[in-house]
Amino acid sequence: MSETTYRPATAAELSALVAEAAAQRRPLDIRGGGTKARMGRPTQTAATIDTTALEGITLYEPAEMVIAARAGTPLADVEATLAARGQMLPFEPMDHRALLGSAGQPTIGGIVAAHVSGPRRLSAGACRDALIGVKFVNGKGEEITSGGRVMKNVTGYDLLKVQAGAWGTLGVITEATFRVLPKPAASTTLVWRDLDEVQAVALLCAAVTSPFEVSGAAHLPDGRTCVRLENFPQSLDYRCERLAQALRRHGAPSRLDEHASLTVWRSVRDVDALMASAAATIWRVSTAPAKGPLVAAAVRAAHRARVLFDWSGGLLWLAIDEAEDGGEAAVRAAVKAQGGHATLVRAPDGLRGALEPFEPQPEALMALTRRLKAAFDPAGLFNPGRMYAGV
């Protein structure tokens with residue numbers, strides 16, 4: 001953890017700070033609101049770049065469904081601006097604060113850097129899919145612009161891909177541009193109870209492949225299996241009835257009103273169901289939906305674990321109690337056997353530094369990761385070691 005903190009207010013100020021750090025070979029901790037600061041490997045840096053002064057919405061064209069904001073802009077400001085015009089970010093970004101016990105405000109730069117996507121990802125795509133432009137400062141202090149205001153402008157598209165989910169290791173994001181979508185006019189949720197995990201995932205997969213436009217599909221640790229339908233109020237009754245009929249072999253569902261539906265999906269988005277034990281280690285596993293119950297069963301064979309299934313079973317959140325290694329060996333073995341990748345989201349401070357938070361990469365892929373790091377950040381300034389040792 002560094003003691004000196006800089007808060008540049010412009011991209012030019014940031015570029016000068018980075019160029020000076022590069023000349024002096026001083027590693028930098030890149031931070032926005034700090035809500036996800038406890039994720040990833042601990043880093044040793046000489047100074048912190050705080051991006052929260054790089055704030056403000058720089059472009060909003062409701063008719064074109066495009067919005068751009070500087071990296072330090074609070075996510076809440078962007079969402080409020082969009083909501084006032086009946087629009088939203090498509091990917092329903094999670095708020096990590098309750099899960100991680102952090103303060104501050106989630107920022108646009110942090111959402112992109114961590115590639116944060118919520119329950120609506122299965123129908124509307126991930127953060128990366130909505131990102132159509134990005135500006136960042138590389139490890140030489142150069143300002144880079146990639147992408148444009150509309151989806152058909154694909155200039156530098158690969159730069160968008162690599163910055164989303166790079167956790168600040170490949171550059172300091174200064175601005176991001178997104179395509180947006182109309183906010184649903186109405187929302188409801190069908191709830192089945194007491195299905196086991198195999199039955200629940202089968203139901204969720206059948207629901208999302210139906211013609212009834214499912215926008216959320218999750219199975220909660222308390223035994224509820226939830227399917228969300230949204231948009232035109234006049235269509236919801238018909239779609240709910242037809243979907244329930246198509247899934248009748250799983251029993252008859254109950255139906256939530258708008259308020260209850262919004263509450264459930266906010267809870268799923270922020271993984272509220274796994275917060276009961278502050279000492280539990282939390283893992284996030286992405287796999288094929290049909291493999292989700294197999295991953296959960298393999299982990300439970302070794303440890304006591306609570307599991308929340310999202311994305312129709314393709315995303316598992318696991319809370320593991322009383323495991324000396326935080327459940328790492330069991331999680332990694334299960335993912336290796338079934339396919340996918342696992343990310344450590346939360347661990348007690350004494351354990352966090354001993355675990356590998358991101359999925360270990362094959363040597364060929366690790367070599368590519370090192371080449372990307374060398375190309376974007378040749379002096380190794382940005383968040384060194386946060387994702388992988390030596391990167």
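Interatomic distance, OG of Ser187 versus CG of Asn231, reported as 9.5 Å (0.5 Å rounding). Here Trp192 contributes atom CH2 and Arg224 contributes atom CZ; the two are 14.0 Å apart, rounded to the nearest 0.5 Å. One distance of note links CG of Leu28 with OG1 of Thr48; it measures 8.0 Å at 0.5 Å rounding. Taking CG of Leu344 as the reference point, atom CZ of Arg332 lies at 8.0 Å (rounded to 0.5 Å). In this structure, CZ in Arg386 is found 7.0 Å from OG1 in Thr43, a value given to the nearest 0.5 Å. Atom CG of residue Leu195 and atom NE2 of residue His250 lie 7.0 Å apart, to the nearest 0.5 angstrom.
Thr35 and His96 share no donor-acceptor pair across their side chains, judged by distance under 3.5 Å alone. When only modelled atom types and interatomic distance are considered, Thr189 and Ser261 share a side-chain donor-acceptor pair under 3.5 Å. In summary, the side chains of Glu258 and Thr188 do not present any donor paired with an acceptor at a separation below 3.5 Å, with no hydrogens or angles considered.
Taking 4.0 Å as the cut-off between side-chain N and carboxylate O, Arg193 and Asp222 do not count as a salt-bridged pair. A salt bridge does not link Asp50 to Arg31: none of the charged nitrogens lies less than 4.0 Å from a carboxylate oxygen. A salt bridge is defined here as a Lys NZ or Arg NE, NH1 or NH2 lying under 4.0 Å from an Asp or Glu carboxylate O, and Arg120 with Glu230 meets this definition. Salt bridge absent: Lys336 and Glu359 never bring a charged side-chain N and a carboxylate O closer than 4.0 Å. Salt bridge Arg255/Glu241: absent, no basic N to carboxylate O contact under 4.0 Å.
Using a distance-only test at 3.5 Å, with no hydrogens or angles considered, a donor-acceptor pair links the side chain of Arg352 to the main chain of Gly40. A donor-acceptor contact shorter than 3.5 Å links the side chain of Thr209 to the backbone of Cys205. In this structure, Thr73 contributes its side chain and Gly56 its backbone to a donor-acceptor pair below 3.5 Å. Of the possible polar contacts, one joining the Asp129 side chain to the Ala126 backbone as a donor-acceptor pair under 3.5 Å is found. In this structure, the side chain of Gln199 engages the main chain of Asp196 through a donor-acceptor pair within 3.5 Å. Judged purely by atom type and a 3.5 angstrom limit, Arg300 has no side-chain atom pairing as donor or acceptor with the backbone of Ala297. Distance alone, capped at 3.5 Å, places no donor-acceptor pair between the Asp29 side chain and the Asn383 backbone. Of the possible polar contacts, one joining the Gln87 side chain to the Pro62 backbone as a donor-acceptor pair under 3.5 Å is found. Under the 3.5 Å distance criterion, the side-chain polar atoms of Trp283 are left unmatched by any main-chain donor or acceptor of Gly327. Side-chain N or O atoms of Thr51 include none that pairs as donor or acceptor with a backbone N or O of Leu54 at under 3.5 Å.
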Worked verdict on Asp321 versus Arg306 for salt bridge (charged side-chain N to carboxylate O under 4.0 Å, His left out): CA-CA 9 Å; Asp321 295 307; Arg306 298 181 304 285; 2.8 Å; yes
Does the pair Asp325 and His303 meet the rule for a side-chain contact (heavy atoms from CB on, under 4.5 Å), with working shown? CA-CA 11 Å; Asp325 69 344; His303 303 290; 4.2 Å; yes
Stepwise side-chain contact (heavy atoms from CB on, under 4.5 Å) test for Arg128 and His115: CA-CA 7 Å; Arg128 182 182 287 127; His115 189 39; 3.1 Å; yes
Would you sort out whether Met94 and Val271 count as a side-chain contact (heavy atoms from CB on, under 4.5 Å), showing the intermediate values? CA-CA 9 Å; Met94 174 185 178; Val271 203; 3.6 Å; yes
Under the side-chain contact (heavy atoms from CB on, under 4.5 Å) rule, what do Leu351 and Leu355 come out as? Steps first, then yes or no, please. CA-CA 7 Å; Leu351 187 60; Leu355 303 179; 3.8 Å; yes
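Phe178 places none of its side-chain heavy atoms less than 4.5 Å from the side chain of Val66. Between Cys240 and Leu229 the shortest side-chain heavy-atom distance falls below 4.5 Å. Asn138 has its side chain out of reach of Asp377: every pair of non-hydrogen atoms, C-beta onward, lies at least 4.5 Å apart. Between Leu75 and Leu89 the shortest side-chain heavy-atom distance falls below 4.5 Å. With a 4.5 Å cut-off on side-chain heavy atoms, Cys127 and Arg121 do not count as touching. Put simply, the side chain of Glu79 reaches to within 4.5 Å of the side chain of Pro93, judged on heavy atoms. In this structure, the side chains of Pro384 and Thr45 come closer than 4.5 Å at one or more pairs of heavy atoms. Proximity of Leu99 to Met275: side-chain heavy atoms (C-beta onward) are separated by under 4.5 Å at one or more points.
Residue-environment remark: CZ (Arg85) stays at or below the threshold of 12 foreign heavy atoms within 6.0 Å. The 12-atom threshold is not exceeded at CD of Glu324, counting heavy atoms of other residues, nucleotides or ligands nearer than 6.0 Å. By the neighbour-count criterion of 12 heavy atoms within 6.0 Å, atom NZ of Lys36 is densely surrounded, having more than that number from other residues, nucleotides or ligands.
Nearest approach of Arg38 to Ala347, heavy atoms of both residues: NH2-O, 3.6 Å. The shortest heavy-atom contact between Leu247 and Ala206 is CD2-CB, 3.6 Å. Residues Ala305 and Ile320 come closest through the heavy atom pair CB-CG1, 4.1 Å. Summarising the geometry of Val214 relative to Leu243, their closest heavy-atom pair is CG2-CD2, 4.1 Å, with the distance given to 0.1 Å. Between Thr107 and Gly33 the shortest heavy-atom distance is CG2-N, 3.6 Å. Here the shortest heavy-atom pairing between Val391 and Arg370 reads CG2-CG, 4.1 Å.
Note: the hydrophobic cluster containing Ile173 also contains Val116 (ILVMFWY, side chain heavy atoms under 4.5 Å, direct or indirect links). Tyr60 and Phe91 fall within the same hydrophobic cluster, defined by Ile, Leu, Val, Met, Phe, Trp and Tyr side-chain heavy atoms under 4.5 Å apart, directly or through other members. Linking Ile, Leu, Val, Met, Phe, Trp and Tyr whenever their side-chain heavy atoms come within less than 4.5 Å leaves Val285 and Leu122 in two separate clusters. Tracing side-chain contacts under 4.5 Å through hydrophobic residues (I, L, V, M, F, W, Y), one reaches Leu100 starting from Ile282; they form part of the same cluster. In terms of hydrophobic clustering, with Ile, Leu, Val, Met, Phe, Trp and Tyr side chains grouped at heavy-atom distances under 4.5 Å, Phe136 and Tyr6 are assigned to different clusters.
Exactly one residue among Val307, Asp310, Val268 makes a side chain to side chain contact (heavy atoms under 4.5 Å, CB included) with Leu220. That residue is Val268. No option in Thr177, Thr58, Thr174, Ile144 other than Thr174 meets the side chain to side chain contact (heavy atoms under 4.5 Å, CB included) test with Lys135.
Taking the six-membered ring for Trp, Phe358 and Trp167 have ring centres closer than 6.0 Å.
A cation-pi arrangement is present between Arg228 and Trp265 under the rule of less than 6.0 angstrom and at most 45 degrees off the ring axis.
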